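All remarks here apply to the structure that follows.
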Amino acid sequence: MRGAAPATRHNARTIAALTANPGCARRALLDAAAVDKTVIAQSLGFPPQFGQSQFAITRGNAFESMVKANGCAELLALLRDALGLTIPEVAYHDLNSVGENTGNAVRYQRTRQLLKSAIAAGDGTLFDHPMLRLDIAGATAYLEPDVVAVQLDGKFHVVEIKAFPVIDGQADPAQVAAAARQSAVYVIALRELMTEIGESPELVSHNTILVCAKDFTNRPTATLVDLRKQLAVVSRQLTRLTAIPELLEQLPPEATFAPGEDLEKTIAAIPSRYAPECMSSCELAFACRDEARTCGSVDALGRGVCDEVGGIDNIHTVLGLADGTLEPGPEHADITAMLRTAHRLRLEIAG
C-alpha cells in the first residue's frame with residue numbers, strides 16, 4: 001500500500017491522536033501502513049497547517065538534554081526535592097542504542113532484559129529512552145518515553161519532559177492534557193511489557209512525572225500527574241480500533257497510497273469520520289473537512305451537533321426538517337420539534 005516510500009514511525013503523539021477518533025477508518029489504515037500523511041495531504045492539495053515550529057523543537061531538545069545531563073543528575077534532584085521521593089543512589093542506562101545498533105527490535109529486547117534484572121535486584125534505575133511497543137489495530141508500533149524510573153516508592157514511573165512553562169504553579173491546560181495522553185500511551189505499553197515478561201502490570205504507576213520549565217527560566221520543575229482517566233479512555237479506544245484486514249477489504253487489490261493519479265480515488269474509498277477536533281491533530285484534516293462539506297456531512301459541524309440531531313447525517317436534511325420543507329419520520333419527531341423551535345428563534349432574532 002505504501003509503495004516505495006519509506007515507513008514513518010508511530011509515536012505516543014500519533015497514537016493519542018488516533019485513539020481520539022477511533023471511528024476513523026481512513027486514519028487507522030494510513031497509520032497502519034506507516035504512510036507519511038503530510039505527503040498524502042500535500043498530494044491531495046490540502047497541506048496541513050499545524051505542528052511544532054523548528055524553534056520549539058530545538059528548545060525542547062535542549063531542555064531535555066539539560067535535564068538528563070550527567071546521568072540525569074538534574075532529574076534526580078527534582079525527584080528528591082520537588083516530589084519528596086526517597087531515592088537511593090541509582091544506576092543509569094542509556095538505551096538510545098545498544099552498542100552501535102539503533103534498531104527498534106534490538107533496543108526493545110535490551111529494555112526487556114534490563115527491566116527484568118532491575119525488578120529481580122530491586123535496584124533504583126533510570127532508563128533513558130527505553131524502547132517499548134504496542135499493538136495498534138494489528139500493527140506493531142515502537143515507542144520511546146523520555147525516561148522510565150524504576151523502584152521509586154516500589155513503582156516504575158514514566159517521566160515526560162516538556163519545555164512548556166509552568167508559571168506561578170500553573171501550566172497551559174491544553175499542553176498538560178496532551179502530555180498526559182501521551183504519557184498514558186507509554187504507561188499502557190510499559191504495562192504490556194510487564195505482562196510479557198511475567199510480571200504484574202500494577203508495578204507501573206498510574207502517575208506520570210511531568211518535568212517542565214519553571215516560570216520564565218530554563219530551570220526545570222516536576223509534578224506528579226494522575227493518569228487514571230486518560231488510561232481508561234486510551235485503553236478503551238485502542239480496543240475499538242478496527243482490525244487492519246477488515247479495513248483492507250474495502251479497497252481494490254491494486255489500491256496504493258503512492259502519490260499519483262489514483263491516490264485521490266484510493267483515499268475517497270476509505271471511510272473517514274471528520275470532526276473539527278481533527279484540525280489540531282491530523283494532517284489530513286483539511287482534505288477531510290472539504291470532503292465533509294461537499295457531501296453535506298453533519299460531522300463537519302462537530303460531535304456536539306451530531307449528538308443533538310440524533311443520527312441525522314446530512315446537513316440538508318437537518319435544514320429541511322428545521323424550515324419545514326421536509327416532513328420527519330416517527331423516529332425524528334422530537335428532534336424536528338427542537339430544530340423548528342431553533343429555526344423560529346433564529347428568524348425572530350434576525351428579523
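No experiment lies behind these values; they were computed from the predicted model shown.
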Please name the residue in the list T341, L339, L345, L347 that meets the side-chain contact (heavy atoms from CB on, under 4.5 Å) test with H343.
L347

Does the side chain of L30 come within less than 4.5 Å of I267's, by heavy atoms?
yes

Under 4.0 Å between a Lys/Arg side-chain N and an Asp/Glu carboxylate O for E64 and K162?
no

Rounded distance (nearest 0.5 Å) linking atom CD1 of I15 with atom CZ of R13:
12.5 Å

Please check if the number of heavy atoms outside N101 that lie under 6.0 Å from its CG is greater than 12.
yes

Might you work through the salt bridge (Lys or Arg N to Asp or Glu O under 4.0 Å) test for E291 and R26, ending with a clear yes or no?
CA-CA 13 Å; E291 180 183 76; R26 182 173 295 172; 3.1 Å; yes

With no hydrogens and no angle check, is any side-chain donor or acceptor of S235 less than 3.5 Å from a backbone partner on A232?
no

Distance only, no hydrogens: is a donor on one side chain within 3.5 Å (strictly under) of an acceptor on the other, for D323 and T325?
yes

So CG of D146 and CD1 of I209: to nearest 0.5 Å the spacing works out to 12.0 Å

Start with the C-alpha gap between D36 and R2, add the side-chain angles, then the distance that decides, and say whether salt bridge (Lys or Arg N to Asp or Glu O under 4.0 Å) holds.
CA-CA 9 Å; D36 188 334; R2 193 172 62 247; over 6 Å; no

Closest heavy-atom pair, P47 versus F286, reported as atoms and distance to 0.1 Å, is O-CD1, 4.1 Å

V98 backbone acceptor or donor facing T102 side chain under 3.5 Å:
no

Minimum-distance pair of heavy atoms, taken over all atoms of E74 and P220:
CG-CG, 3.7 Å

Inter-residue atom distance E144.CD - N96.CG, 0.5 Å rounding:
6.5 Å

Give the minimum heavy-atom separation between F164 and A171, together with the two atoms involved.
CE1-CB, 3.9 Å

Would you say that E160 contacts L210 through its side chain, given a criterion of any heavy-atom pair below 4.5 Å between the two side chains?
yes

Using every non-hydrogen atom in the two residues, find where P165 and D215 come nearest and quote the distance to one decimal.
CB-O, 3.4 Å

For the pair E196 and K116, find out whether any cationic side-chain nitrogen is under 4.0 Å from an anionic carboxylate oxygen.
no

How long is the span from the CD atom in E199 to the CE atom in M194, to the nearest 0.5 Å?
7.0 Å

Tell me, do L132 and L134 make a side-chain contact under 4.5 Å, heavy atoms counted?
no

Within the structure provided, determine whether T208 and Y186 are in side-chain contact (heavy-atom separation under 4.5 Å).
no

L44 side chain near L284 side chain, heavy-atom distance below 4.5 Å:
yes

Which distance, rounded to the nearest 0.5 Å, do you find between the CD1 of I119 and the CZ of F156?
4.0 Å

Could you check if a side-chain atom of L78 sits within less than 4.5 angstrom of a side-chain atom of V211, using non-hydrogen atoms only?
yes

Less than 4.5 Å apart, any side-chain heavy atom of M131 and any of N104?
yes

If every non-hydrogen atom of A163 is compared with every non-hydrogen atom of A213, which pair is closest and at what distance?
O-CB, 3.7 Å

Specify whether H93 and F127 have parallel, tilted or perpendicular ring planes, treating 30° as the upper limit for parallel and 60° as the lower limit for perpendicular.
parallel

What distance do L126 atom CG and H157 atom NE2 have between them, rounded to the nearest 0.5 Å?
12.0 Å

Would a distance-only check, ignoring hydrogens and angles, find a side-chain to backbone donor-acceptor pair under 3.5 Å from N70 to A73?
no

Before you tell me yes or no, could you show the steps for K68 and H129 under side-chain hydrogen bond (donor to acceptor under 3.5 Å, both in side chains), namely the whole-Å CA-CA distance, both residues' side-chain angles and the distance that decides it to 0.1 Å?
CA-CA 11 Å; K68 291 183 178 179; H129 281 284; 3.1 Å; yes

Side-chain touch T140/Y142, heavy atoms, less than 4.5 angstrom
yes

